Chemist: 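Below are the structure tokens for one structure; questions will follow.
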Amino acid sequence: MAWRAGTRIRMVTAAMTAALAAGALAGCGVPALGGTDDGDGDGGGRAPVPVSAKAECPDIPAPRDSKARQLRGMWIATVAGIDWPKDTGRPTERQKADFVALLDTAKAMNMNAVFVQIRPNSDAFYPSPYEPWSQWITGTQGKDPGYDVLAFMLKEAHERNLEFHAWFNPYRVSRQDDLEKLAPNSPARQHPDWVRKYGTGLWYDPGLPQVRDLTTRAVLDVVGKYDIDAVHFDDYFYPYPETGDFPDAATYKTHGGGLSKADWRRRNVNTLVESLSDQIHKTKPWVRFGISPFGVWRNKSTDPAGSPTRALQSYDDIYADTRKWIREGWLDYVTPQLYWPLGDERADYAALVDWWAQQVDDTDVQLTIGQAAYRVGQDATWKKPAELSRHLTLNARYPKVRGDVFFSASDIVSDRRGFADRLRRDHYGTPAIPPPARDGAGTTPPPVQDVDARADGKGVRVQWRPSQGAASYAVYRVDGERPGCAPVDPSRLVADVRGGGIIDPSAKPGRSYTYYVTALDRLHHESRPARGATVTAPGG
């Protein structure tokens with residue numbers, strides 16, 4: 001991601017605040033109040049539906065994957081306080097409240113995922129046996145903040161049924177170039193021979209096996225200890241070119257193995273990506289691995305397989321062979337950073353979407369697009385609040401595009417020129433379930449049973465008997481009395497929640513509705529619907 005500092009978090013926009021208060025932007029369903037039978041997640045104290053149970057609607061198929069299935073996410077950058085925490089001197093409870101506010105903004109936008117930077121500079125937002133606490137929490141690297149930051153962030157995200165993609169930077173050590181300013185237990189200080197000064201910062205040398213081992217251990221430590229949904233890398237591999245060549249001549253002499261330096265560097269990055277993919281999936285098969293590369297692999301003028309662009313080439317300049325990672329199946333998803341507008345002479349957004357869609361064709365790798373929310377307002381093109389909305393409209397023409405991720409959270413919150421509200425109105429007016437993950441991973445849970453809908457002072461209360469092995473539940477609503485078994489329409493989704501019930505405050509007084517509920521596993525494989533429940537909303 002491009003470095004940005006000084007962004008100020010403001011309050012959620014008035015439109016979003018009003019929608020949150022009404023429950024409409026939280027999936028038309030907010031968690032019910034606590035109590036043994038109030039939708040608090042235990043299904044009224046009833047035993048979960050076992051895997052062997054007979055479905056209530058055996059002849060009704062599970063909902064088919066559709067355009068309504070989308071990943072909608074935002075990056076939450078922690079380095080330099082880009083998004084959170086803005087002020088490392090704030091009390092812990094204020095820091096926590098600021099983070100929760102970002103998650104509430106994501107829910108207000110009907111998003112379903114956050115990509116949170118937890119290892120920005122060979123440091124950690126969690127107690128790590130390998131690296132010091134991050135300076136971006138307390139202002140001092142190595143200082144214990146007094147709580148497990150990652151555990152807190154995960155709990156809050158999952159309570160809102162937001163996927164948590166744990167974002168790691170594999171090789172960056174520091175934005176400044178003085179080793180002595182790092183914490184004494186920093187691996188970079190303990191092993192200065194692993195570190196290279198380049199530009200204004202410090203970087204690990206990707207050609208050293210010890211460096212790849214450190215990154216692997218740091219990632220697998222989190223995968224093993226925390227209930228994350230995915231491991232995420234951004235575009236920082238070898239550093240972007242600055243003055244002179246990256247100083248790894250001695251490493252190349254020792255480990256080059258007869259390859260050209262460029263091919264050797266690409267092999268180093270490929271080795272890490274392939275090995276991590278294998279080890280992540282062996283540790284927890286349901287945890288995905290995704291990368292958000294720079295948006296141009298190679299230009300067509302350099303390589304016939306490249307895109308019709310005239311821009312920096314990540315294959316040649318930062319040694320990231322993203323196309324190979326896709327073709328080899330090392331990734332579960334790829335999120336290229338397409339930070340150009342439609343019609344850009346150097347890199348047209350439309351041309352790049354088309355190119356990337358071709359790259360994932362006939363693979364199991366899901367394509368989502370990285371969107372430049374931070375650019376809104378920068379120049380004549382980006383001053384148009386509809387530019388990003390136009391991007392999503394174009395994406396809809398490509399079935400291979402399965403969603404979007406916005407850089408970054410502060411920009412969604414600030415809603416410059418009303419662009420975020422425009423996105424919500426044009427594209428995110430209702431909630432969405434992320435698309436199911438790769439074939440052969442995960443198990444569709446058994447359908448729920450005993451769906452019940454009844455009038456409630458706050459709207460309509462919907463409850464169900466939860467399903468064994470389910471991670472979340474999709475609630476669909478249709479107009480009128482249609483009890484019994486029927487297929488569900490993905491466009492009628494009103495909530496995707498964890499727990500055993502919701503309250504739907506958006507039901508119009510005096511209107512009759514029928515609610516259907518399905519169960520989903522961690523990888524969003526969806527069960528058949530249970531028998532519908534009909535109710536007349538109170539009032540009217």
Side-chain angles (χ1 to χ4, degrees), residues 15-49 55-57 60 63 68 104 107-108 110 112 159-161 429-433 447-467 470 472-520 526-540:
M16 294 181 191
T17 302
L20 271 175
L25 291 180
C28 296
V30 294
L33 301 176
T36 59
D37 198 29
D38 281 337
D40 58 355
D42 64 357
R46 293 171 290 179
V49 178
E56 290 182 339
C57 300
I60 304 298
D104 286 342
K107 289 302 292 183
N110 275 326
N112 50 33
E159 282 184 357
R160 290 158 178 79
N161 202 26
T430 57
I433 302 169
V448 304
Q449 293 183 357
D450 303 330
V451 176
D452 178 68
R454 63 186 65 184
D456 186 276
K458 309 173 190 67
V460 170
R461 183 184 300 271
V462 186
Q463 292 179 272
W464 54 88
R465 184 180 168 195
S467 173
S472 66
Y473 301 91
V475 183
Y476 301 87
R477 185 185 74 193
V478 297
D479 293 338
E481 298 185 9
R482 304 180 188 180
C485 295
V488 298
D489 180 352
S491 68
R492 299 292 183 176
L493 180 72
V494 295
D496 180 25
V497 299
R498 302 188 178 209
I502 66 164
I503 291 176
D504 177 5
S506 68
K508 295 181 180 179
R511 292 277 295 272
S512 294
Y513 299 99
T514 302
Y515 291 85
Y516 299 92
V517 181
T518 62
L520 297 107
E526 192 168 10
S527 75
R528 302 170 186 269
R531 185 179 292 110
T534 296
V535 65
T536 298

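Quick caveat: nothing in here was measured; it's all calculated off a predicted structure.
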Chemist: Got a donor-acceptor contact below 3.5 angstrom from the R498 side chain to the E159 backbone?
Modeler: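 No, R498 side chain to E159 backbone: no donor-acceptor pair under 3.5 Å.
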
Chemist: Hey, mind stepping through D496 and L520 against side chain to side chain contact (heavy atoms under 4.5 Å, CB included) and telling me if it holds?
Modeler: CA-CA 9 Å; D496 180 25; L520 297 107; 3.9 Å; yes

Chemist: Looking only at atom types and distance, does a side-chain atom of N112 sit under 3.5 Å from a main-chain N or O of A432, one as donor and one as acceptor?
Modeler: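 Checking the backbone N and O of A432 against the side chain of N112, a donor-acceptor pair under 3.5 Å is found.
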
Chemist: Could you state the interatomic distance from CD (Q463) to CD1 (I503), rounded to the nearest 0.5 Å?
Modeler: 8.5 Å

Chemist: Show me the donor-acceptor pairs, under 3.5 Å and distance only, between side chains in residues 529-537 and residues at least two apart or in other chains.
Modeler:
unit_1: T534; atom_1: OG1; unit_2: T514; atom_2: OG1; d: 2.8
unit_1: T536; atom_1: OG1; unit_2: S512; atom_2: OG; d: 3.0

Chemist: Report the C-alpha separation of W464 and T518 in whole Å, then their side-chain angles, then the decisive distance to 0.1 Å, and conclude whether the side chain to side chain contact (heavy atoms under 4.5 Å, CB included) test is met.
Modeler: CA-CA 10 Å; W464 54 88; T518 62; over 6 Å; no

Chemist: Applying salt bridge (charged side-chain N to carboxylate O under 4.0 Å, His left out), name anything that partners R511, two or more places apart in sequence or on another chain.
Modeler: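 By the salt bridge (charged side-chain N to carboxylate O under 4.0 Å, His left out) rule, R511 matches D479.
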
Chemist: Indicate the atoms forming the closest heavy-atom contact of A519 with S467, along with that distance.
Modeler: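 Distance-wise, the nearest heavy atoms are CB-CB, 3.9 Å.
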
Chemist: Do you know which two heavy atoms are closest between A507 and V460, and how far apart they sit?
Modeler: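 That closest heavy-atom pairing would be CB-CG2, 3.7 Å.
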
Chemist: Taking the side chain from R528 and the backbone from I60, do they hold a donor-acceptor pair closer than 3.5 Å?
Modeler: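 Confirmed, R528 side chain pairs with I60 backbone.
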
Chemist: What is the minimum heavy-atom distance between Y476 and P63, and which atoms define it?
Modeler: OH-CG, 4.3 Å

Chemist: Can you check whether D450's main-chain N or O pairs, donor with acceptor, with E56's side chain at less than 3.5 Å?
Modeler: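 Here the side-chain-to-backbone pair exists.
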
Chemist: Any donor-acceptor pair under 3.5 Å linking the side chain of Y513 with the backbone of K508?
Modeler: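 Answer holds: yes.
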
Chemist: Thinking salt bridges, do R461 and D452 make one under a 4.0 Å N-O criterion?
Modeler: no

Chemist: As a quick check of understanding, evaluate side chain to side chain contact (heavy atoms under 4.5 Å, CB included) for V475 and Y515, giving each step before the final call.
Modeler: CA-CA 7 Å; V475 183; Y515 291 85; 4.0 Å; yes

Chemist: For R160 and D104, what are the C-alpha separation, side-chain angles and deciding distance, and is it a side chain to side chain contact (heavy atoms under 4.5 Å, CB included)?
Modeler: CA-CA 8 Å; R160 290 158 178 79; D104 286 342; 2.8 Å; yes

Chemist: State, to 0.1 Å, how close G484 and Y516 come at their nearest heavy-atom pair, and which atoms those are.
Modeler: O-CE2, 3.5 Å

Chemist: Flag the pair R465 / V448 as yes when at least one side-chain heavy-atom distance between them is below 4.5 Å, and no otherwise.
Modeler: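 The answer is no; the side chains never approach within 4.5 Å.
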
